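For reference, the structure is listed below as structure tokens.
Bear in mind the structure is a predicted one, so any value in this text is a computation, not a measurement.
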Amino acid sequence: QVQVVESGGGLVQAGGSLRLSCTASGLTFDAYHMGWFRQAPGKEREGVSCISHKGEATYYIDSVKGRFTISRDNAKNTLYLQMNTLKPEDTAMYYCAASPMYKRWWTMVGREYNYWGQGTQVTVSS
């Protein structure tokens, strides 16, 4: 059974940092591209960043470029999202998801991802 579990969320002041982690089990981790998505109250879910299955390619949406860094450790079956210079508009539930390696690594379309975690809440106060 596949399990995807996020951690590392919390409450932080604007300008602060958080590091999200996502651990996946029950799948061959390095056979999956991985992505981070977020959903704020009253808004649609949006893709934030993704990384190819070997970690050699990454993508970010414009609003987080230069502030967020996605990385993965395939030996530990773990995905990370380092978030710096956080803004109140970054407040959302953050989700980790896995997409099979035969799909486009840069996709941020939710339906391309097979497995999802339950999310971790990030709240940035002004």
Side-chain angles (χ1 to χ4, degrees):
Q1 184 179 356
V2 175
Q3 285 192 317
V4 178
V5 180
E6 303 93 337
S7 62
L11 174 63
V12 64
Q13 288 188 332
S17 298
L18 284 173
R19 188 194 197 199
L20 305 184
S21 297
C22 167
T23 301
S25 60
L27 52 74
T28 303
F29 188 71
D30 62 5
Y32 287 82
H33 308 312
M34 298 297 294
W36 286 101
F37 294 77
R38 66 186 180 186
Q39 187 167 21
K43 294 187 177 181
E44 291 190 356
R45 183 180 63 196
E46 67 171 347
V48 175
S49 179
C50 58
I51 187 168
S52 58
H53 69 106
K54 291 186 177 180
E56 73 275 21
T58 59
Y59 166 83
Y60 302 91
I61 56 172
D62 286 346
S63 60
V64 307
K65 280 181 182 177
R67 301 189 297 122
F68 290 11
T69 302
I70 191 172
S71 62
R72 65 190 294 163
D73 185 338
N74 286 348
K76 295 183 178 179
N77 283 16
T78 302
L79 175 73
Y80 304 99
L81 185 68
Q82 177 66 45
M83 304 186 296
N84 298 328
T85 319
L86 282 160
K87 303 176 181 180
E89 51 263 43
D90 294 318
T91 294
M93 185 72 79
Y94 282 72
Y95 299 91
C96 166
S99 176
M101 61 182 285
Y102 63 82
K103 297 192 176 183
R104 299 169 301 175
W105 71 264
W106 63 88
T107 182
M108 288 263 74
V109 176
R111 63 176 180 271
E112 300 293 329
Y113 287 76
N114 293 26
Y115 303 110
W116 292 79
Q118 294 299 306
T120 186
Q121 178 68 39
V122 171
T123 303
V124 184
S125 63
S126 57

Show me, pair by pair, the donor-acceptor contacts under 3.5 angstrom made by side chains of residues 16-25, not counting sequence neighbours?
residue : atom : partner : partner atom : Å
Ser17   : OG   : Asn84   : OD1          : 3.0

Between side-chain atoms of residues 102-111 and protein atoms elsewhere (two or more places apart, or another chain), which donor-acceptor pairs fall under 3.5 Å?
residue : atom : partner : partner atom : Å
Lys103  : NZ   : Glu112  : O            : 3.4
Lys103  : NZ   : Glu112  : OE1          : 3.4
Thr107  : OG1  : Val109  : N            : 3.2

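Ser63 and Arg67 get closest at one heavy-atom pair: O-NH2, 2.8 Å. Smallest separation of non-hydrogen atoms from Ala40 and Ala92: N-CB, 3.8 Å. In terms of heavy atoms, Leu86 sits closest to Met83 at CD2-CB, 3.8 Å.
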Does the side chain to side chain contact (heavy atoms under 4.5 Å, CB included) test come out yes or no for Arg72 and Phe29, once each step is laid out? CA-CA 10 Å; Arg72 65 190 294 163; Phe29 188 71; 3.4 Å; yes
Test side chain to side chain contact (heavy atoms under 4.5 Å, CB included) on Ile70 and Trp36; report intermediate values, then the result. CA-CA 8 Å; Ile70 191 172; Trp36 286 101; 3.6 Å; yes
Dump the intermediate steps for side chain to side chain contact (heavy atoms under 4.5 Å, CB included) on Val64 and Arg38, then the final yes or no. CA-CA 12 Å; Val64 307; Arg38 66 186 180 186; 4.1 Å; yes
Quick one: do Tyr32 and Tyr113 satisfy ring-ring contact (aromatic ring centres under 6.0 Å, His included)? Show the steps, please. CA-CA 9 Å; Tyr32 287 82; Tyr113 287 76; 9.7 Å; no
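Listed by chain and residue number, nothing satisfies the salt bridge (charged side-chain N to carboxylate O under 4.0 Å, His left out) test with Arg45 (two or more places apart in sequence, or in another chain). In this view, Cys50 satisfies the disulfide (SG to SG under 2.5 Å) rule with no residue, not counting sequence neighbours. By the salt bridge (charged side-chain N to carboxylate O under 4.0 Å, His left out) test, Lys43 is found to be paired with no residue, residues two or more places apart in sequence or in another chain being considered.
In this structure, the side chains of Leu79 and Ile51 come closer than 4.5 Å at one or more pairs of heavy atoms.
Remark: Gln118 CD is loosely packed, at most 12 non-hydrogen atoms of other residues, nucleotides or ligands lying under 6.0 Å away. By the 6.0 Å contact criterion, CD on Glu44 is open, its count of non-hydrogen atoms from other residues, nucleotides or ligands being 12 or less.
Taking the charged nitrogens against the carboxylate oxygens, Asp90 and Lys87 have no contact shorter than 4.0 Å, which rules out a salt bridge.
Within the structure, ring-ring contact (aromatic ring centres under 6.0 Å, His included) contacts touching residues 46-97 (residues at least two apart or in different chains) are His33-His53.
Hydrophobic cluster membership is shared by Ile61 and Met93, with clusters built from Ile, Leu, Val, Met, Phe, Trp and Tyr side chains linked at under 4.5 angstrom. Placement of Leu27 and Val5 in two distinct hydrophobic clusters is found when ILVMFWY residues are connected by side-chain heavy-atom separations under 4.5 Å, directly or transitively.
Judged purely by atom type and a 3.5 angstrom limit, Thr91 uses its side chain to pair as donor or acceptor with the backbone of Val124.
No option in Cys96, Ser49, Ser99 other than Cys96 meets the side chain to side chain contact (heavy atoms under 4.5 Å, CB included) test with Met34.
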